[in-house]
Number of protein chains: 4
Amino acid sequence: MKASSSQAGPVPLTPTDNSPPPSRRGAAARTRGLLLDSARRRFAYDGYAATTVRDIADDAGVNVALINRYFRSKEGLFEACLKAVIDELVHAARTVADLEQIPEIIVSHTAGVLAVDGPRDALLLLLRSSGDERTEQMRTGLLRTFSERLAAAAGWRPDDPTGDQLLLRAQLVLSVAFGITVLRASPGLEPLGSATEQDLTGPLRDLVEALLTRH
Amino acid sequence: MKASSSQAGPVPLTPTDNSPPPSRRGAAARTRGLLLDSARRRFAYDGYAATTVRDIADDAGVNVALINRYFRSKEGLFEACLKAVIDELVHAARTVADLEQIPEIIVSHTAGVLAVDGPRDALLLLLRSSGDERTEQMRTGLLRTFSERLAAAAGWRPDDPTGDQLLLRAQLVLSVAFGITVLRASPGLEPLGSATEQDLTGPLRDLVEALLTRH
Amino acid sequence: MKASSSQAGPVPLTPTDNSPPPSRRGAAARTRGLLLDSARRRFAYDGYAATTVRDIADDAGVNVALINRYFRSKEGLFEACLKAVIDELVHAARTVADLEQIPEIIVSHTAGVLAVDGPRDALLLLLRSSGDERTEQMRTGLLRTFSERLAAAAGWRPDDPTGDQLLLRAQLVLSVAFGITVLRASPGLEPLGSATEQDLTGPLRDLVEALLTRH
Amino acid sequence: MKASSSQAGPVPLTPTDNSPPPSRRGAAARTRGLLLDSARRRFAYDGYAATTVRDIADDAGVNVALINRYFRSKEGLFEACLKAVIDELVHAARTVADLEQIPEIIVSHTAGVLAVDGPRDALLLLLRSSGDERTEQMRTGLLRTFSERLAAAAGWRPDDPTGDQLLLRAQLVLSVAFGITVLRASPGLEPLGSATEQDLTGPLRDLVEALLTRH
DNA sequence: TATGAATGAGAATTCATTCAT
DNA sequence: GATGAATGAATTCTCATTCAT
C-alpha cells in the first residue's frame, strides 16, 4: 500500500515560488528549482524507492518528462538533491567554532514545524539512499566532515593519538541530531513532535556539555 | 538503480538455522521463521519499498510464493516483522528499572557487528514504513511506551503537571539510540561504525546522567 | 475481482452425500463423486477459468491434491463433468418421442429453484468451455444430436432434402432452453428468475407448437 | 489449457480502423477505441476470466500498459465495454414500437457472420461477468428494461395486476435472442450456425406471434 | 488414501524513461 | 521548452500441480 502522502504531497505548503515564468530565458532554471524542491521533500519523507517521479512532478506542477530532461534520471535528481543538502550542511559545519554554538545548530536543523521546513528536511534526506555507490560516498564524506568539525570545536586534532574517544563522542552528538530528526518524522510522538527550538535548546546544552567537555 | 545489496543480501551471514528440513510434515513453522528473519534484515537495511519479495525469499532460500502463503502479502510480512520487533522492544522496555540500566539497554540494541545482529536491526526496522496506517500506529504506540518507560525510570509520573520536560528529555535519550542506529547503518563512519559496547557505554552514561538526573 | 461466490460456494445446499466414508474401499469413489458434484456447480455458474481447483476442493470438503489424483488435472475434471452432463442429456433426448413432451423436457432442465438444482446446471455447464479442442467437440456433438432429436419428433428425417428448415426451427427451440438457462443464471430478472414449472409450461407449449407444427 | 483463440485472436478480421496514427498528439482517443473494440470481442467470446489483458492489447496492436492508463484496470475496461453495449441495446430497445419489429431486432443482434460482427457480440458480452457487483447490476438493469420494452409492445403496462404473465412471455422472447447467441458462439451447429437473417426472420415471426399475441 | 508443503509459470499492474510533436 | 503518448522492464500475487510423508 502506498503512503497516504502520495496524493497530497508531504508538505504542499510554501510552494517556494508562485511567480509566473519570468521570461523565456530563465524558465528552465525556475522549473529546475521547482523540481528540486519537490524532490527534496518527497525523497526526505517518503524515501527514494517509495517516491515516484510522477509524485515529484505533480508536486512541482510540471510535466514528468522534464525530470529526465533536467536531471537525466530519477537518480540524477536524487543526487542533485543530495548535493544541495550537503552544500548547506557543509556551510553549517563551518560556522561551528565553539561548543556553545552546537545546540543552536542542531536545533535549527531539527526543530520547527514540519510543514514549514525547507532546511529541516536536510538531515532526513541525508539518511536516504538510492542504492547508488556514488551518493553513498557523498553521504559518508559529509558525515565524516561534520563530525570532525564538531570534535574540533571540543579541541580534537586530526593527529591526536587519543583523539578517537573525542571523535566518537562528537559522533554521538551528531547521532542526537539525526535521532531527533527521524523521531520527529514519525508523527504522533509527543512532546518531541511539536517541541519548539526553546524546548530543545536547554536539554541539548546539557547533553553537549556532558559529552564534549573535558574528555 | 537498485541497491547493490540486492544480489548479495544485506547480511547473508548467520542464517540462524542451517539445520536440514525436519522431515516435511510440520516444516511450515521453520519456513515461516526463515522468511521472517530474512525479511527483517532486508526491510531494516533497505527499507520497505526498496525490498523485493524475491530478495527476501532468495535470502531465506525458499520459494517466493510462500511469502503469500504464510503472510498473505508483502505488507503482511512487514507487519509480522514489526510485531516481532515491537514484542522484543516492549520486553526490553520492561527491564528498565533505574537510570543506570539505560546505557546498557541502548548499547545492546545499537552496538555489535552489523553482520551478527539479529536484535540489532530492531530499531532500524522500527523506523521503516510501508505506508500503511495500521503499522504506523503500532510504531507510534511503541515509541510512546518506550519513552514513558525511560522517563519513569527518572521519576516521571503520567499525571505530573510539569512532567513534559522530563518526558521530552527521555525522548532525547531515545533519539540517541535511533541516531546511533541510523548512523551505524550508513557504512564508513568511524569510529562510531565499529565501536564496541565498551566504547559506547561510558559516553552514554554521561549522556543519560546529564539528561535525566535531577530535572 | 473474483466472484463473491468464491468463498461461499455457489450452491452450498444439498451436499448430496453427508454419509461417512463407507469403508476403506469405496472411499475413493465417494471422494470422486463429491468432487464431481462441486466441480459441476462451480464450472456451471462461475465458468471454467474463473473457477479455482481450491474452490472446488473446499466445496467438496476434501484436499486439493485429490483433484489431480482422481482426474489428472483441472481440465480432466472439467471433461468428466461434461461427460456426465452429456450422458444425462443424451438420455433425456431419447425420451422425446412427440411434440407434447418437449415443453416438459425443457422445463425440467431450466426451472426449479437455483439452489436445489443438480440436473438444472446441465445446460449451463454445456455452454462453458475450457478452451480445449476435445471438449469443444463433445459439446457440439451433443447439441447436434439433441436438435436432431427434437426435429425428429416433428417429423424430420436425416435425408429429407428440405429438412433444414425444420432442423433450424428445432434449434430455435433448443435456443429457448439455453436462453432461459442463462437468463435465470443472471440473478434479479423477474418474473423469469423465480418462475415455476407451471408458469413456464404454458408459454412453452405455445412456442413449440408455433415453431414445430406443420412446417 | 488456454483457449486456442489466444494466439490468433477470436476474430482478428475487420480491425475497424487501419488508418495510420493521426500525428501523435491526440492519438489517445484512437488507442482507447482500439482497445475497447478488442476487449469487447475477447470478453464476449472468451469470457472475462479467460481473457488476458495481453490478449487484448495484442489484438489492438498497442502496449499492455495502456489498458491501465486508459481504463485503470482490466475490470475498468470490462465495465467500459459493458457500458458501450448497454448503450447500444438501450437504443435498440427504444426502437421497438410494435410486435412486428421484434423479429427484426432480434435477428439484427444475433445473425450475421461471426467475423464481421461488432454489434453482434453485444448480447454475448452482456452475459459475461467479471464478478463485480456493480457491473452485475448494470446487466440486470438492462435486462429488465429490455424485457419491459418488449412486453410493452404487446400491450403490457407496469401497473397491470395480471401483467406478470405477459412480462414472463416477453422474457421468453428475450431468451430466444440470448439462446441463439450462445448457440451460435459455439461453433459447428448447423444450420443455425450459418443461418442468414432471412432464414431466421420467418420462424421468429411465428414465435413472437405465438408468445405475445392476445394473452 | 489423504494431506500439508513446495514449486514454477503466468497474470495484472506500476513505473521510469523515451519519442514525436 | 514543454507535453501527451507510448514502451518495456520489473514487481506482487495467484494458481495448478507435484512431492514427500
Side-chain angles (χ1 to χ4, degrees), chain A residues 2 21 24-32 49 51-57 62-70 72-77, chain B residues 1-2 21 23-32 49 51-55 57 62-77, chain C residues 1-2 21 24-28 30-31 49 51-57 62-70 72-77, chain D residues 1-2 21-32 49 51-57 62-70 72-77:
Chain A
K2 262 319 281 303
R24 187 78 183 190
R25 188 77 201 99
R30 179 176 165 275
T31 301
R32 230 191 93 101
T51 297
T52 285
V53 288
R54 237 176 199 96
D55 290 340
I56 296 172
V62 307
N63 188 283
V64 213
L66 297 180
I67 287 180
N68 298 278
R69 197 180 200 334
Y70 288 121
R72 289 254 327 244
S73 67
K74 184 188 181 185
E75 185 150 331
L77 177 51
Chain B
M1 178 180 283
K2 262 319 281 307
S23 74
R24 180 149 185 181
R25 198 67 153 259
R30 179 177 165 275
T31 301
R32 230 192 92 102
T51 297
T52 285
V53 288
R54 217 159 222 115
D55 290 343
V62 307
N63 187 283
V64 213
L66 297 178
I67 287 180
N68 301 96
R69 193 188 207 294
Y70 290 119
F71 301 95
R72 287 199 30 139
S73 66
K74 182 188 181 186
E75 187 151 330
L77 176 51
Chain C
M1 179 178 283
K2 264 317 281 300
R24 186 78 184 191
R25 188 77 201 100
R30 179 177 164 274
T31 300
T51 297
T52 286
V53 288
R54 234 172 203 101
D55 289 340
I56 297 171
V62 307
N63 188 282
V64 213
L66 297 180
I67 288 181
N68 298 278
R69 200 180 197 335
Y70 288 121
R72 290 254 328 244
S73 67
K74 183 188 181 186
E75 185 150 331
L77 175 53
Chain D
M1 176 179 284
K2 262 317 284 303
S23 74
R24 181 151 185 178
R25 199 65 154 257
R30 179 176 165 275
T31 301
R32 230 193 92 102
T51 297
T52 285
V53 288
R54 219 160 220 111
D55 290 341
I56 297 172
V62 307
N63 187 284
V64 213
L66 296 179
I67 287 180
N68 300 95
R69 193 189 209 293
Y70 290 119
R72 286 201 29 142
S73 65
K74 183 188 180 186
E75 186 151 331
L77 176 52

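Treat the numbers as computed from the prediction; the structure is a model and nothing was measured. Letters go in sequence order (proteins before strands), and every chain restarts at 1.
- With rounding to the nearest 0.5 angstrom, the CG atom of B/Leu66 is 6.5 Å from the OG1 atom of B/Thr31.
- Rounded to a whole Å, the CD1 atom of A/Ile56 is 12 Å from the C1' atom of E/dC15.
- For the strand DNA chain F, secondary-structure stems (runs of at least three Watson-Crick or G-U pairs, all distances below 3.5 Å) span E:2-21 with F:2-21.
- Shortest non-hydrogen contact noted between B/Arg32 and B/Tyr70 is NH1-O, 3.5 Å.
- The separation between C/Asn68 atom CG and E/dT1 atom C1' is 15 Å, rounded to whole Å.
- Of the side-chain N and O atoms in D/Thr31, one or more sit less than 4.0 angstrom from OP1 or OP2 of F/dA6.
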Short N/O separations, protein against nucleotides 8-10 of chain E, under 3.5 angstrom:
from	atom 1	to	atom 2	distance (Å)
E/dG8	N7	B/Asn63	ND2	3.2

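- To the nearest angstrom, C1' of F/dT17 lies 14 Å from CG of C/Leu77.
- Which of E/dT17, F/dC13, F/dG1 sits closest to the side chain of B/Ser73 comes down to F/dC13.
- Separation of atoms CD (D/Glu75) and CZ (D/Arg72) is listed at 10.5 Å; rounding is to 0.5 Å.
- D/Thr51 contributes atom OG1, which lies 6.5 Å from atom NZ of D/Lys74 (distance to the nearest 0.5 angstrom).
- Remark: C1' of F/dT12 and CD1 of B/Ile67 are 10 Å apart, rounded to the nearest angstrom.
- Rounded to a whole Å, the CZ atom of C/Arg30 is 9 Å from the P atom of E/dA2.
- Nearest nucleotide to the side chain of B/Arg69, out of E/dT17, E/dA2, E/dA6: E/dA6.
- Residue contacts for B/Phe71: at a heavy-atom cut-off of 4.0 Å it reaches no nucleic acid atom on any strand shown.
- Applying the side-chain contact (heavy atoms from CB on, under 4.5 Å) test to A/Arg54 and every residue at least two apart in sequence or in another chain returns A/Thr52, A/Val64.
- Separating the CG atom of A/Asp55 from the P atom of E/dT17 is a distance of 14 Å, rounded to the nearest angstrom.
- Taking atom CZ of B/Arg72 as the reference point, atom C1' of F/dT12 lies 14 Å away to the nearest angstrom.
- When each of C/Val64 and D/Leu66 is assigned the nucleotide of DNA chain F bearing its nearest heavy atom, the one mapping closer to the 5' terminus is D/Leu66.
- Not a single side-chain contact (heavy atoms from CB on, under 4.5 Å) links C/Asn68 to another residue, sequence neighbours left out.
- Per the geometry, NZ belonging to C/Lys74 stands 8 Å off C1' belonging to F/dC15, to the nearest Å.
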